[in-house]
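Below are the structure tokens for one structure; questions will follow.
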Amino acid sequence: MKSSLEIPQHWTFRSRAVAKHFDQHVRESLPWYDLATNAVAHFGRHYIPRNGVVYDIGASTGNIGLALKETLIQRQARFFAVEESREMADRYEGPPQLVVADAVSYDYKPFDFAVCFLVLMFLPVDTRASFLRRLQGLTKPGGALLIVDKVQMPPGYVGTAFSRLTLQQKLAVGAKPDDILRKELSLAGYQRPLDPLMLPKAARTFFQVGEFIGWILAAPER
Ligand SMILES: C[S@@+](CC[C@H](N)C(=O)[O-])C[C@H]1O[C@@H](n2cnc3c(N)ncnc32)[C@H](O)[C@@H]1O
């Protein structure tokens with residue numbers, strides 16, 4: 001049984017202990033984490049042009065930047081990682097440039113490729129729809145916005161089965177039942193799954209495991 005993290009009673013990323021164990025903890029919690037990261041890198045190769053502008057929004061320790069690194073170098077792209085927690089930023093190992101700022105109020109330039117990987121569920125609910133609209137408006141023609149997030153489940157038994165899949169998968173990779181339970185309760189009020197109807201109709205699903213979905217929102221070419 002693994003245990004990598006002291007779970008705070010009220011979840012926060014503004015914690016040295018959480019930041020220190022984040023990379024291991026996220027892989028114990030989400031067994032598909034590296035698979036979905038690879039998919040983001042794949043789309044990056046398709047949508048980052050030469051001299052392009054790229055954002056990693058809610059960058060944590062730099063997972064997405066590291067996955068995109070080869071493409072960023074090859075295309076001589078300008079990369080910005082946005083992360084609000086100083087404690088996470090201190091552990092950042094992705095490519096420059098890291099900006100410590102609130103992603104919602106940050107002043108983005110128009111971009112070719114932006115990634116929100118497991119961050120929207122932590123943003124205040126009343127900011128999400130307008131934030132998504134703003135990002136959509138900032139996507140350059142031919143560019144794309146990628147989102148991977150936890151979503152609200154459908155009502156009824158099927159929703160129960162989806163939620164239990166998440167629990168089952170955590171146990172399968174060795175997370176301790178006690179840790180799973182304490183983390184779930186710790187997240188109350190801070191992690192709130194996304195309403196999938198918030199996504200524009202043009203968003204295409206490229207990934208789904210139970211409650212977690214990945215979408216690509218490609219901008220029109222003209
Ligand atoms: C689950 S982690 C994201 C994982 C990361 N994208 C990865 O690929 O490993 C969520 C991150 O979003 C950050 N975050 C939450 N709210 C934010 C905000 N308003 N602005 C910027 N970052 C935020 C948290 O501090 C945390 O580092």
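Counting from 1, the numbers follow the sequence of the chain as shown. This structure is a prediction, so every number in the text was calculated from the model and none was measured. Order of appearance sets the numbers: ligands from 1, and atoms from 1 within every ligand. Reckoned from all heavy atoms, side chains included, excluding hydrogens, waters and symmetry mates.
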closest protein heavy atom to atom 25 (O) of ligand 1 is E83 OE2, 2.5 Å
Should the pair R14-E84 be classified as a salt bridge under the 4.0 Å nitrogen-to-oxygen rule?
yes
How does F117 reach ligand 1, by side chain, by backbone, by both or by neither, if only non-hydrogen atoms under 4.0 Å count?
both
Examine A103 against ligand 1 and note whether any of their N/O atoms are separated by less than 3.5 Å.
yes
Atom 19 (N) of ligand 1: nearest protein contact (heavy atom, Å):
D102 OD1, 2.8 Å
Sidechain N-carboxylate O distance under 4.0 Å for K170, D179:
no
For ligand 1, which atoms have a heavy atom of S85 less than 4.0 angstrom away?
25 (O)
When the aromatic ring centroids of W32 and F207 are compared, is their separation below 6.0 Å?
yes
Short version for Y106: what comes under 4.0 Å of ligand 1, heavy atoms counted, is neither
re atom 1 (C) of ligand 1, the protein heavy-atom contact at minimum distance is L118 O, 3.3 Å
Begin with the C-alpha distance, continue with both residues' side-chain angles, and end with the deciding distance and a verdict on side chain to side chain donor-acceptor pair (under 3.5 Å) for Q74 and E70.
CA-CA 6 Å; Q74 199 251 332; E70 193 181 319; over 6 Å; no
Using heavy atoms and a 4.0 Å limit, tell me yes or no: is V26 in contact with ligand 1?
no
Would you call the rings of F13 and W11 parallel, tilted or perpendicular if under 30° counts as parallel and over 60° as perpendicular?
perpendicular
Taking the side chain as every heavy atom from C-beta outward, state whether F80 and L98 have any pair of such atoms under 4.5 Å apart.
no
Counting non-hydrogen protein atoms only, what is the nearest one to atom 5 (C) of ligand 1? Give residue, atom name and distance.
G58 O, 3.4 Å
Parallel, tilted or perpendicular: rings of Y106 and Y55 (30°, 60°):
perpendicular
Among all protein non-hydrogen atoms, which one is nearest to atom 8 (O) of ligand 1, and what is the separation to 0.1 Å?
N63 ND2, 2.9 Å
Looking only at protein heavy atoms, what sits closest to atom 3 (C) of ligand 1 is S60 OG, 3.2 Å
Have a look at ligand 1 and work out which part of E84, if any, has a heavy atom under 4.0 Å from it: side chain, backbone, both or neither.
both
Mind telling me whether H42 and H46 have parallel, tilted or perpendicular rings, with 30° and 60° as the class edges?
tilted
Do the side chain of Q208 and the main chain of G210 share a donor and acceptor less than 3.5 angstrom apart?
yes
Any nitrogen or oxygen of Y190 lying under 3.5 Å from a nitrogen or oxygen in ligand 1? Just yes or no.
no
Which residue supplies the protein heavy atom nearest to atom 7 (C) of ligand 1, what is that atom called, and how far is it?
Y33 OH, 3.4 Å
